[in-house]
Amino acid sequence: MSFLVLYLFCLTFTAIIADDEPTFIYPDTFNDAERDSFYYGTFPEDFVWSTATASYQIEGAWNVDGKGPSIWDTFTHEPGNIDNAHNGDDACDSYHKYQDDVNAMKALGLKYYRFSISWSRVLPNGTIDHINQPGIDYYNNLIDALKEADISPMVTLYHWDLPQALQDKGGWKNDEIIEHFADYSRLCFETFGDRVGFWITFNEPWVFTVMGHEYGSMAPGLIEPGTTPYIVAHNLLRSHAKAYHIYDDSYRATQKGQIGITLNSDYYQASDVDDPDTVEAAERAQLFVMGWFANPVYYGDYPDVMKTTIAEKSEKQGFNASRLPEFTEAEKLSLAGSSDFFGFNCYTTSYARPIKNPATPLVPPSWSTDQDVFSWKSPDWPTSGSDWLRPVPWGARRLLNWIKKKYGNPVIYITENGISTNDTFNVNDQIRIDYYSAYLSEVLKAIELDEVNVKGYTAWSLMDNFEWARGYTERFGLHYVDFNSQEKTRVPKDSATFYAKVIADNGFPSSGVQSSLVNGGVKVLVLAVAFVFGMK
């Protein structure tokens, strides 16, 4: 009896000691006890757990059953745009294998799933005069299968795949698109809204605005810096407000859902926190990326620093007016408060410092140079399969707090978070488990310690898929997909098992702390000590 009592005492004491020692996910890089230690606990009872995909990245069937071409069909079919000449013609073939996707979600224990609708699948020409019934049927079937599995759909209206027919008329540069997007949104609300309670108008507008219209590295592949990106952003923001009020005025009362927008941004960390100019530059970078869209949605207009800076530079460059368009007073009123939640896609962090870009008629203007900020990622940070993505968990918590402070503590849903690996068959993806663990720990700190109003988390992605300009060379999925096989079989990775447990436990309960910290070697030592003293 004395042996057993002493053993239990020693084991408990050792566990308490171990519990006092911080756990680090990236101990070689991020090992500040106050900032980086893992935070155990559970999320709020009503916390939303989800995974996400996007139509062009998974559906395939690019020209099947009446679907019209999108700008990504066009862009990927032009030589030189995509690594290895890959395209999304087949992708994961989710158009035919959506039930396999639903089955994978059920195995994870998901209650929510974020996906996007292909505008050109339901409206091949982008306009309301031609509705494609097979496309409508596909999304009805997917939504019904989700509901039958007790999974709530979270639907994104626009995840970058504009109908090519509208691009041929100027795309997002042409303000006629506002009414076309309104018609498309109304169709989706009317057709699917009886079963969809969570709508996102646009996914990451910064990406298709800058990457698609300034750098030309994503569809539609335009290189028109300094002017076109601001026009595109202006029209999509007005389109967002229009769609929001259509839902608010005509559908909310009966469908009782919510609607918002999803924005992305690095967290910009001042490289020298003791230098006011550097701190200001980091804030300016944050506003030129996230504030560009969030400020109009929450306050009705662009950040003051954007309006002032771009106006001054435009004048020096010989423009008759600012390159940044202005909202009318009516548009400001329509935009302000036009999101029921703050959708946030969270991936990485950058350092920032000020630079002075010359503004003269001889230097072409651009969004990049307008902000007068140089940003970079430390080579000491962990890597991934993508050159733009380095895990920096503490940046997530800081950016969540920035959103809370800047926008009045809104309801936040993390609508994407994940990490890539290279294109190899490897289901033992510890890199992804580490990433999810570290970032979820920071989200939990933000909720519990900082009182940030985070209501949900979405892992990107349910499965490997077409990764835009990188084709199939980078993989973000919880499930491995063999893109060379006709079956496109989904194989769960270790991260899927991990995520399923997180969902089942609603986080990282403290009861699991001791078992993970008190390893077998310590237990053997405790047993030996207990045995020696128990014999006395």
Side-chain angles (χ1 to χ4, degrees), residues 39 41-54 101-102 104-117 142-143 145-157 159 192-193 195-204 247 252 255-264 339-347 396-397 399-400 403-404 407 409-418 435-437 439-448 450-463 476 478 495-496 498-509:
Y39 190 82
T42 55
F43 289 80
E45 289 186 7
D46 60 348
F47 197 75
V48 168
W49 296 101
S50 177
T51 58
T53 60
D101 300 342
V102 175
M105 296 175 223
K106 288 173 64 177
L108 288 171
L110 288 174
K111 295 299 181 183
Y112 292 84
Y113 171 53
R114 180 185 170 220
F115 66 93
S116 72
I117 292 175
L142 171 59
I143 292 168
L146 289 168
K147 299 295 284 186
E148 186 176 345
D150 196 26
I151 298 170
S152 298
M154 308 167 76
V155 177
T156 303
L157 292 171
H159 201 130
F192 310 121
R195 289 151 295 156
V196 175
F198 195 106
W199 295 95
I200 296 169
T201 54
F202 290 94
N203 177 76
E204 296 185 346
Y247 188 81
R252 188 190 299 275
Q255 296 181 358
K256 304 186 186 309
Q258 53 185 330
I259 182 170
I261 190 170
T262 278
L263 307 179
N264 69 292
S339 195
D340 299 330
F341 54 85
F342 196 115
F344 172 38
N345 287 359
C346 170
Y347 285 98
R397 181 183 178 187
L399 189 44
L400 286 169
I403 294 169
K404 173 188 175 182
Y407 302 108
N409 197 22
V411 169
I412 299 173
Y413 287 91
I414 295 174
T415 41
E416 287 182 25
N417 180 238
Y435 182 94
Y436 285 147
S437 297
Y439 273 73
L440 281 169
S441 169
E442 296 302 313
V443 173
L444 190 56
K445 290 177 190 176
I447 295 171
E448 293 291 321
D450 308 329
E451 298 183 339
V452 180
N453 201 11
V454 184
K455 294 294 187 181
Y457 175 88
T458 304
W460 182 270
S461 173
L462 174 65
M463 56 194 164
F476 278 85
L478 291 159
S495 59
F498 164 82
Y499 193 47
K501 180 167 175 52
V502 171
I503 294 170
D505 292 342
N506 198 32
F508 307 94

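Only heavy atoms go into these numbers, but all of them, side chains included; no hydrogens, no water, no symmetry mates.
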Roughly how far apart are Arg397 CZ and Leu444 CG, rounded to 0.5 Å?
-> 10.0 Å

Does any N or O in the side chain of Lys404 come within less than 3.5 Å of the main-chain N or O of Ala446, such that one atom is a donor and the other an acceptor?
-> no

Start with the C-alpha gap between Trp460 and Ile414, add the side-chain angles, then the distance that decides, and say whether side-chain contact (heavy atoms from CB on, under 4.5 Å) holds.
-> CA-CA 10 Å; Trp460 182 270; Ile414 295 174; over 6 Å; no

Of all the heavy-atom pairs spanning Ala52 and Thr415, show the shortest one and how long it is.
-> CB-O, 4.1 Å

Is there a donor-acceptor contact under 3.5 Å linking the side chains of Trp49 and Asn506?
-> yes

What's the spacing between Asn264 CG and Asn345 CG if we round to 0.5 Å?
-> 6.0 Å

Between the side chain of Ser152 and the main-chain N/O of Tyr112, is any donor-acceptor distance below 3.5 Å?
-> no

Mind checking the CG-OH spacing from Leu440 to Tyr457? Nearest 0.5 Å is all I need.
-> 4.5 Å

Looking only at heavy atoms, the pair that brings Glu448 and Thr42 closest together is OE2-O, 4.0 Å

Spacing of Leu462 atom CG and Tyr499 atom OH [to the nearest 0.5 Å] | 10.5 Å

Side chain of Asp340, backbone of Ile259: donor and acceptor closer than 3.5 Å?
-> yes

Under 3.5 Å: donor-acceptor pair, side chain of Thr458, backbone of Glu416 | no

Which atom names give the shortest non-hydrogen contact between Pro153 and Arg195, and what distance separates them?
-> CG-O, 3.5 Å

Side chain proximity check, Pro44 to Ile447, heavy atoms < 4.5 angstrom | yes

Of all heavy-atom pairs linking Leu263 and Phe342, the shortest is CD1-CZ, 4.0 Å

Identify the two heavy atoms, one from Phe498 and one from Ser437, that lie closest to each other, and give their separation to 0.1 Å.
-> CZ-OG, 3.1 Å

Show your working on side-chain contact (heavy atoms from CB on, under 4.5 Å) between Ile503 and Lys111 and close with a plain yes or no.
-> CA-CA 9 Å; Ile503 294 170; Lys111 295 299 181 183; over 6 Å; no

Non-hydrogen side-chain atoms of Ile200 and Arg114 separated by less than 4.5 Å = yes

Given Phe198, which of Tyr247, Phe192, Phe341 fulfils the ring-ring contact (aromatic ring centres under 6.0 Å, His included) condition?
-> Phe341

Verdict with reasoning, Lys445 to Asp450, per salt bridge (charged side-chain N to carboxylate O under 4.0 Å, His left out) | CA-CA 7 Å; Lys445 290 177 190 176; Asp450 308 329; over 6 Å; no

Residues forming a salt bridge (Lys or Arg N to Asp or Glu O under 4.0 Å) with Lys455, sequence neighbours excluded = none

Between Gly418 and Tyr436, what is the shortest heavy-atom contact and its length?
-> CA-CE2, 3.9 Å

Going through the distances and angles, do Gln258 and Val411 end up as a side-chain contact (heavy atoms from CB on, under 4.5 Å)?
-> CA-CA 12 Å; Gln258 53 185 330; Val411 169; 5.6 Å; no

The single option from Tyr439, Tyr347, Tyr435 that satisfies side chain to side chain donor-acceptor pair (under 3.5 Å) with Asn417 is Tyr435

Distance in Å, Phe344 CZ paired with Leu399 CG, rounded so as to fall on 0.5 Å steps = 4.0 Å

Answer yes or no: is there a donor N or O on one side and an acceptor on the other, between the side chain of Arg252 and the main chain of Gly257, under 3.5 Å?
-> yes

Side chains of Tyr413 and Thr262: is there a donor and an acceptor less than 3.5 Å apart?
-> no

Rounded distance (nearest 0.5 Å) linking atom CG of Asn453 with atom CD1 of Ile403 = 12.0 Å

Check against side-chain contact (heavy atoms from CB on, under 4.5 Å), Ile151 and Lys106 | CA-CA 8 Å; Ile151 298 170; Lys106 288 173 64 177; 4.2 Å; yes

